[in-house]
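All heavy atoms count here, side chains included; hydrogens, waters and symmetry mates do not.
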Amino acid sequence: MLFSRGLVAWCGALLVGAGLAGCGTSVNRAPVEDRSSVGAVAPAAADETKPLPGIENAGKPGYYTIRPGDTLIRIGLETGQSWKDLARWNELENADLIEVGQVIRVVPPVAATSAAVVAGDTGVVTRPVTQSSLEPAAADKTATDKAAIDKAAIDKAGAPAAPSTTVTATPAAPAAASTPAPVAGGPDEIRFSWPTQGSVLAGFDESRNKGLDISGKAGDPILAAADGRVVYAGAGLRGYGNLIILKHNNTYLTAYAHNRALLVKEDQNVRRGQKIAEMGSTDADRVKLHFEIRRQGKPVDPARYLPAR
């Protein structure tokens, strides 16, 4: 009887110990699961608050906000820059990794710094102030000389002052006529030549066709329209096929699209009339050359810049 009671007590102790062990296991497991779930949410919350690169420069001159569908190649074409320069100026390790809303620099850093210094300079001793300070003196001297001449003429011939009014008005006309001259013949203005022989299939239309479509046969030579440097050679811009972009100076780019073969490489210098590609139909409905001239990144009508033929 005593043995039976001892056995019952011993079994009861085993059951209680097992129960406590089971409870201890469940208590230890739950906090681990909770901590792992909280840790997974935290990085997402941090990512949502991270600002886009360059957002502090949005809207400033010389900067561009990336839109859906943009690539560095397209941005370079539209801003008149090399995509490699854009990547370097913005310290982009991978040119393919850009985000919508990101703001990038599209002018050289030195030029941007110089522009900022000129815009923010409030000093008295600057070139514009010096020049303007001289202009009144020159104007006063001119007025004095003119008055002396008019007085001498009146004293000598007794003529009315009306003729001197006519003489004074005459120099104003040439000054007004000469104003557009720097635009037409500025330092960056260059002569372009036709990039291929062929008839024009489609003319320039700013909204539908940003250049000229020129006919030809597969393999016809494509020539550089002016001296320049190859800033792009490849097929990374949708709608252009095998494309070459030449930069001629700080103002002008030319683009040559749908080629069968590209005969130059990026950063190579070329001369006007040099063969740079062979005509083809890549990413086009027929064999043709699509030719663009861009002035400060804006497409212009090539027919206005090419010689008549």
Side-chain angles (χ1 to χ4, degrees), residues 67-83 86 184 188-266 268-309:
R67 299 170 296 186
D70 276 342
T71 64
L72 279 192
I73 300 169
R74 183 175 294 278
I75 295 170
L77 181 62
E78 293 181 354
T79 58
Q81 304 293 357
S82 163
W83 71 271
L86 295 179
D188 281 350
E189 299 301 317
I190 55 180
R191 290 190 309 113
F192 293 98
S193 60
W194 285 86
T196 190
Q197 300 295 326
S199 58
V200 176
L201 298 172
F204 176 80
D205 184 315
E206 190 169 356
S207 60
R208 293 179 295 180
N209 192 30
K210 300 183 184 301
L212 299 179
D213 291 346
I214 306 173
S215 67
K217 301 185 301 295
D220 279 355
I222 305 300
L223 312 177
D227 296 352
R229 179 172 63 92
V230 181
V231 295
Y232 181 74
L237 194 56
R238 188 172 59 183
Y240 285 82
N242 291 329
L243 171 69
I244 290 175
I245 302 175
L246 301 182
K247 183 169 184 174
H248 304 287
N249 51 37
N250 291 330
T251 301
Y252 287 104
L253 294 178
T254 52
Y256 312 75
H258 308 309
N259 301 289
R260 181 178 75 176
L262 306 180
L263 307 180
V264 292
K265 298 179 180 180
E266 291 181 6
Q268 179 179 338
N269 292 323
V270 298
R271 304 289 293 178
R272 182 161 63 100
Q274 178 179 337
K275 183 178 178 179
I276 59 175
E278 294 178 354
M279 188 179 293
S281 58
T282 55
D283 211 358
D285 56 354
R286 58 168 294 170
V287 174
K288 63 181 178 181
L289 170 69
H290 176 75
F291 175 67
E292 294 184 8
I293 296 179
R294 298 219 172 200
R295 191 176 192 279
Q296 296 177 341
K298 178 180 175 60
V300 295
D301 186 357
R304 296 175 51 196
Y305 294 82
L306 294 170
R309 64 177 189 178

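Scanning for side chain to side chain donor-acceptor pair (under 3.5 Å) contacts around Asn242 gives an empty result, with sequence neighbours left out. Listed by chain and number, the residues in a side chain to side chain donor-acceptor pair (under 3.5 Å) with Asn250 amount to none (sequence neighbours excluded).
For residues 233-258, the set of pairs meeting the salt bridge (charged side-chain N to carboxylate O under 4.0 Å, His left out) definition, not counting sequence neighbours, is empty. For residues 72-82, every residue pair satisfying the salt bridge (charged side-chain N to carboxylate O under 4.0 Å, His left out) rule, not counting sequence neighbours, is listed here: Arg67-Glu78. Judged as a salt bridge (charged side-chain N to carboxylate O under 4.0 Å, His left out), the pairs with a partner in residues 219-234 (not counting sequence neighbours) are, in order, Lys217-Asp220, Asp227-Arg271, Arg229-Asp267.
With a 4.5 Å cut-off on side-chain heavy atoms, Leu223 and Ser193 do not count as touching. You'll find the side chain of Arg286 reaches within 4.5 Å of the side chain of Leu201, heavy atoms only. Under the 4.5 Å side-chain criterion, counting only non-hydrogen atoms from C-beta, Leu253 is not in contact with Leu246. Side-chain contact check for Arg294 versus Pro299: some heavy-atom pair is nearer than 4.5 Å. Side chains of Leu212 and Trp194 form a contact here, defined as non-hydrogen atoms less than 4.5 Å apart. Residues Ile245 and Trp83 have side chains not in contact (no heavy-atom distance under 4.5 Å, counting atoms from C-beta outward). The side-chain heavy atoms of Ile293 and Thr254, taken from C-beta on, include a pair separated by under 4.5 Å.
How far CG of Leu86 is from CG of Leu72: 6.0 Å, rounded to the nearest 0.5 Å. Note that NE2 of His290 and CG of Asn259 are 11.5 Å apart. Values are rounded to the nearest 0.5 Å. One finds the NZ atom of Lys298 at 8.0 Å from the NZ atom of Lys210 (value rounded to the nearest 0.5 Å). From Ile73, atom CD1 reaches atom CG of Leu237 across 6.5 Å, with rounding to the nearest 0.5 Å. Taking CD1 of Ile222 as the reference point, atom NZ of Lys275 lies at 9.0 Å (rounded to 0.5 Å).
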Q: For Val230 and Lys265, run side chain to side chain contact (heavy atoms under 4.5 Å, CB included): C-alpha distance rounded to whole Å, both residues' side-chain angles, the deciding distance at 0.1 Å, then the answer.
A: CA-CA 7 Å; Val230 181; Lys265 298 179 180 180; over 6 Å; no

Q) Can Tyr240 and Leu77 be said to form a side chain to side chain contact (heavy atoms under 4.5 Å, CB included), step by step? A) CA-CA 12 Å; Tyr240 285 82; Leu77 181 62; 4.0 Å; yes

Identify every side-chain donor-acceptor pair in residues 300-309 under 3.5 Å, counting partners at least two apart or on other chains, and give the distances.
unit_1: Asp301; atom_1: OD1; unit_2: Ala303; atom_2: N; d: 3.1
unit_1: Arg309; atom_1: NH1; unit_2: Thr196; atom_2: O; d: 3.3
unit_1: Arg309; atom_1: NH2; unit_2: Gly198; atom_2: O; d: 2.2

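The shortest heavy-atom contact between Gly234 and Leu262 is N-CD1, 3.5 Å. In terms of heavy atoms, Val264 sits closest to Ala233 at O-CB, 3.9 Å. Closest heavy-atom contact between Gly216 and Val287: O-CG1, 3.6 Å.
Inspection of the Tyr252 and Arg295 side chains reveals an N or O donor paired with an N or O acceptor under 3.5 Å.
Within the 3.5 Å criterion, the main-chain N or O of Ser281 finds no donor-acceptor partner in the side chain of His258.
Aromatic ring pairs are classed by plane angle as parallel below 30°, tilted from 30° to 60° and perpendicular above 60°; the pair Tyr256 and Phe291 is tilted.
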